[in-house]
Engineer: 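One structure, as structure tokens, below. Some questions next.
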Amino acid sequence: MYVVLSPGRARSFDADGALTADEPVSDLAALVRDREPVRWVWDDTRRWYPQLLAAGVRVERCVDLRLCHAILRNSTLTAGSRLAAAAAGVWDAPAELPAPPRPRGEALFDLDAPEPAVEADPVAEWMLQREAVAASNDPARIGLLLAAESAGALIAVEMKHAGLPLDPATHEGLLEQLLGPRPRLGERPAKLESLKQRLVGILGFEFNPDSAVELLKALRKAGLQVTSTSKWEIAEIDHPVIEPLLEYKKLSRLMTANGWNWLDTWVVDGRFRPEYVPGGVVTGRWAAAGGGALQLPKQIRGAVIADPGWTFVVADAAQLEPRVLAAMAGDRAMVSAGSGDMYEGIVASGAVATRAEAKVAMLGAMYGATTGDSGRLVPRLARAFPRAIAMVEDAARAGERGEIVTTRLGRSSPPPAADWRRESSIDAAAESRARRESRSWGRFTRNFIVQGSAAEWALCWMAGLRGALWTMQDGAITERPHLVFFLHDEVIVHTPIALAERVAASIRQAADDAGRLLFGDLPVTFPVTTAVVRSYAEAK
DNA sequence: TACCCCAGCGCG
DNA sequence: AAAGCGCGCTGGGGTA
């Protein structure tokens, strides 16, 4: 059963897509509460779902037409469909841009929810999408991706609704300890000011370390052979100014990115509520906007504290991308190296000598390293695991030729900008540039299939977990165990303490289920570390 | 004034 | 200024 929502109207369809009812909607929340569980079909989850959650209504399933359209438009699995052949239209509009910072005391309803400029007919679009899936090379595979993507859209809105518990007093305490008391507007906090004075004292002249230009000039004036002020370069130099300078940079970064200003802007009523953007990265990973949710530094994770009587279950999928790579390639040797710690397994296979080598070799294989330790170790991996390495090499060569690559469930890479494909060979400089860009695109497509498939695993993981969490208790979503954070291969569930162990078990179960959804009976395992902690800083 | 780009660094 | 992928955010510095 499906119900397609458009402004003021709800049209119901049976499983075959036949219209069974068409009715006006005056009270959306009441209608949805009454009809659950059906699969709600709507243009954009962020347009419909925040108001439902605010009214205390959670939905089981949906189809997010905009997100599904983006997948079907590009997927090689639906390349022959009418949807893919049509000219770009309203359904191809990119995701709305991030919400701007809001003052404290945000309204209950999400006033910035995107409103489409043109009201497109969701029924017509949904029918086109059903047609594309049914006619695809592999309807089950692409269908799973659309379901997972739509579940992700629900989770993203639910996580913003719940917010990540963050204690402002603890955060301010951390800042004060590291930086000194909150400074007056426009002034440096005490620790930064005294570090700056040390830098000036050592070099013997005044300069502003916040300005990269001034800092570079100052270092060169002091006789240091540097071409930039980035810490990887500076860290190599032996000079008394380096240690306090690196300290200054670290603290300055904390201050600007996650200091008092950040706290005032993004943490309201003890909750950090960024906007999560499913499908916001070409590979299918989520993006986030507002407060840098996906960059929450380890320094301040101590301020992420569960409510009284509640706790966090922090879970991390171990070596997710290497495992996905092994499973996708059907490389039995590499899959079996992952029966425990995957890097130890690779060492045991004899390919490399140490765990650290195994790790950089795998990273090199996934990112396309050609030099350094990483590049040097990849060929040894290729001898031990030829199928796995051949898969990423093939993806890289395809990208270099300007071809499209596709993830496990059917998300395809964008076409290259392609000027490098046609670069004439007359001009040597242009040819060399074209070759460089072709290689670069090859590294992108190489990584795309792994990162994108890992993102699909993570979506399936979270979708399964979401279902399990809902059944553990009664009440509104924030009264039950619920997801509050997601970071590519890591989740945080906020739960009543008594349910923590059940939550942890569900997280592991959902990981197993996700592995089977993507890879069937292949004996690939997706071990997940779980930690029951009061504060995020205590995990790992 | 408003905007855009860059360097740098945080996360996976 | 990275060798080796994907992001977002900030302040500085420039241009219109």
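Everything numeric here is computed off the predicted structure, so don't read it as measured data. Protein chains get the first letters and strands the later ones, always in sequence-line order, with residue 1 at the start of each.
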Engineer: Distance check needed: B:dC9 P versus A:Asp210 CG, whole Å only.
Structural biologist: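 Between P of B:dC9 and CG of A:Asp210: 13 Å.
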Engineer: Provide, to the nearest angstrom, the distance between the CG atom belonging to A:Leu325 and the C1' atom belonging to C:dG6.
Structural biologist: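 From A:Leu325 CG to C:dG6 C1': 16 Å.
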Engineer: For A:Tyr248 and A:Asp210, run side-chain hydrogen bond (donor to acceptor under 3.5 Å, both in side chains): C-alpha distance rounded to whole Å, both residues' side-chain angles, the deciding distance at 0.1 Å, then the answer.
Structural biologist: CA-CA 9 Å; A:Tyr248 184 92; A:Asp210 294 328; 2.8 Å; yes
Engineer: Taking the minimum atom-to-atom distance to the side chain of A:Val282, which one of B:dG8, C:dG4, C:dC7 wins?
Structural biologist: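 Ranking B:dG8, C:dG4, C:dC7 by closest atom to the A:Val282 side chain puts C:dC7 first.
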Engineer: Applying salt bridge (charged side-chain N to carboxylate O under 4.0 Å, His left out) to A:Glu275 and A:Arg46, what does each step give before you reach the verdict?
Structural biologist: CA-CA 10 Å; A:Glu275 180 92 23; A:Arg46 288 180 307 165; 3.5 Å; yes
Engineer: Mind checking if A:Arg443 touches a base, just sugar-phosphate, or nothing, with heavy atoms under 4.0 Å?
Structural biologist: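 It contacts sugar-phosphate atoms only.
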Engineer: Under the side-chain hydrogen bond (donor to acceptor under 3.5 Å, both in side chains) criterion, do A:Thr445 and A:Ser413 qualify, and how do the steps go?
Structural biologist: CA-CA 7 Å; A:Thr445 53; A:Ser413 61; over 6 Å; no
Engineer: Less than 6.0 angstrom separating the ring centers of A:His171 and A:Trp260, yes or no?
Structural biologist: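 That pair fails the under 6.0 Å test.
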Engineer: Could you list by number each residue of residues 375-396 of chain A showing a heavy-atom separation from DNA chain B of less than 4.0 Å, or answer none if no residue does?
Structural biologist: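 Under 4.0 Å from DNA chain B: no residue of residues 375-396 of chain A.
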Engineer: Take the protein atom CZ of A:Arg436 and the nucleotide atom P of C:dA2, then report the distance between them rounded to whole Å.
Structural biologist: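 The distance from CZ of A:Arg436 to P of C:dA2 comes to 15 Å, rounded to the nearest Å.
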Engineer: Applying a 4.0 Å non-hydrogen cut-off, can you work out what A:Gly368 is touching in the nucleic acid: base, sugar-phosphate, or nothing?
Structural biologist: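 Sugar-phosphate contact only.
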Engineer: A:Glu437 has an atom CD; how far is it from atom P of C:dC5, in whole Å?
Structural biologist: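 To the nearest whole Å, that distance equals 14 Å.
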Engineer: Below 4.5 Å, heavy atoms only, C-beta onward: do A:Asp373 and A:Arg376 meet side chain to side chain?
Structural biologist: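 Side-chain contact under 4.5 Å: yes.
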Engineer: Between the side chains of A:Lys540 and A:Glu490, is the shortest nitrogen-to-carboxylate-oxygen separation below 4.0 Å, so that they form an ion pair?
Structural biologist: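 Answer for the salt bridge query: yes.
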Engineer: With the side chain of A:Thr283 defined as its heavy atoms from C-beta on, choose the nearest nucleotide among C:dG6, C:dA3, C:dC5.
Structural biologist: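 Selected nucleotide: C:dG6.
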Engineer: Would you say that A:Val313 contacts A:Ile492 through its side chain, given a criterion of any heavy-atom pair below 4.5 Å between the two side chains?
Structural biologist: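 The answer is no; the side chains never approach within 4.5 Å.
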Engineer: Measure from the side chain of A:Thr256, starting at C-beta and using heavy atoms only, and say which of B:dG12, C:dG4, C:dG11 lies closest.
Structural biologist: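 Side chain of A:Thr256 sits closest to C:dG11.
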Engineer: Does a donor on one side chain and an acceptor on the other come within less than 3.5 Å for A:Ser438 and A:Glu400?
Structural biologist: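 Absent: no donor and acceptor within the cut-off.
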Engineer: Scan A:Val450 against the nucleic acid and name what it touches under 4.0 Å (heavy atoms): base, sugar-phosphate only, or nothing.
Structural biologist: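 No contact.
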Engineer: Roughly how many Å is it from CH2 in A:Trp441 to C1' in C:dG6, rounded to a whole number?
Structural biologist: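 Whole-Å distance recorded here is 12 Å.
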Engineer: Decide ring-ring contact (aromatic ring centres under 6.0 Å, His included) for A:Phe448 and A:Trp441; before the verdict, give the C-alpha distance in whole Å, the side-chain angles of both, and the deciding distance to 0.1 Å.
Structural biologist: CA-CA 10 Å; A:Phe448 182 94; A:Trp441 193 257; 9.1 Å; no
Engineer: Which listed nucleotide (C:dG4, C:dG6, B:dG12) is nearest to the side chain of A:Val281?
Structural biologist: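 It is C:dG6.
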Engineer: Rounded to the Å, how far apart are A:Glu214 CD and B:dG8 P?
Structural biologist: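 Answer to the nearest Å: 14 Å.
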Engineer: If a pair satisfies salt bridge (charged side-chain N to carboxylate O under 4.0 Å, His left out) and one of its residues is in residues 245-258 of chain A, list it, with sequence neighbours excluded.
Structural biologist: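 Listed by first then second residue: nothing to list.
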Engineer: Charged N to carboxylate O below 4.0 Å: is that the case for A:Lys217 and A:Glu214?
Structural biologist: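 So A:Lys217 does not pair with A:Glu214 through a salt bridge.
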Engineer: Flag the pair A:Arg285 and A:Glu321 as a salt bridge only when some basic side-chain nitrogen lies within less than 4.0 angstrom of an acidic carboxylate oxygen.
Structural biologist: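 Between A:Glu321 and A:Arg285 there is a salt bridge, with a charged N closer than 4.0 Å to a carboxylate O.
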Engineer: Taking only N/O atoms, report every protein-nucleotides 3-7 of chain B pair under 3.5 Å with atom names and distance.
Structural biologist:
none

Engineer: Are A:Arg182 and A:Glu187 ion-paired here, with the side-chain N under 4.0 Å from a carboxylate O?
Structural biologist: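 Salt bridge absent between A:Arg182 and A:Glu187.
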Engineer: Between C1' on B:dG8 and CG on A:Leu254, what's the gap in Å once rounded to a whole number?
Structural biologist: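 The answer, rounded to whole Å, is 15 Å.
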Engineer: Pair A:Gln319, A:Asp341 - check side-chain hydrogen bond (donor to acceptor under 3.5 Å, both in side chains), show working.
Structural biologist: CA-CA 8 Å; A:Gln319 302 117 24; A:Asp341 178 283; 3.2 Å; yes
Engineer: Give the intermediate values and the outcome of ring-ring contact (aromatic ring centres under 6.0 Å, His included) for residues A:Phe272 and A:Trp266.
Structural biologist: CA-CA 6 Å; A:Phe272 173 39; A:Trp266 295 112; 7.2 Å; no
Engineer: Find which nucleotide of DNA chain C each of A:Ala257 and A:Gln451 is nearest to by heavy atoms, and output the residue with the more 5' nucleotide.
Structural biologist: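 Going by which nucleotide is closer to the 5' end, it is A:Gln451.
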Engineer: With the criterion set at under 5.5 Å between ring centres and under 30 degrees between planes, would C:dA2 be stacked on A:Trp232?
Structural biologist: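 Here the ring of A:Trp232 and the base of C:dA2 are stacked, with centres under 5.5 Å and planes under 30°.
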Engineer: Any side-chain N or O of A:Lys231 under 4.0 Å from OP1/OP2 of C:dA1?
Structural biologist: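 No, A:Lys231 has no side-chain N/O under 4.0 Å of OP1/OP2 on C:dA1.
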Engineer: Are A:Arg301 and A:Glu538 within salt-bridge range, i.e. N to O under 4.0 Å?
Structural biologist: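 Looking at A:Arg301 and A:Glu538, the cut-off is not met.
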Engineer: Which residues, if any, of residues 406-414 of chain A bring a heavy atom under 4.0 Å of DNA chain B?
Structural biologist: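 Heavy-atom cutoff 4.0 Å gives no residues at all.
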Engineer: Counting runs of three or more consecutive pairs, Watson-Crick or G-U wobble, with each distance below 3.5 Å, where are the stems of DNA chain C?
Structural biologist: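 Correct response: B:1-12 with C:5-16.
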Engineer: Rounded to whole angstrom units, what separation is found between the CE atom of A:Met366 and the C1' atom of C:dA3?
Structural biologist: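 Distance check: A:Met366 CE to C:dA3 C1' gives 16 Å.
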Engineer: For DNA chain B, which residues of residues 292-302 of chain A approach it to below 4.0 angstrom with any heavy atom?
Structural biologist: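 Correct list: A:Leu294, A:Gln295, A:Leu296, A:Pro297, A:Lys298, A:Arg301.
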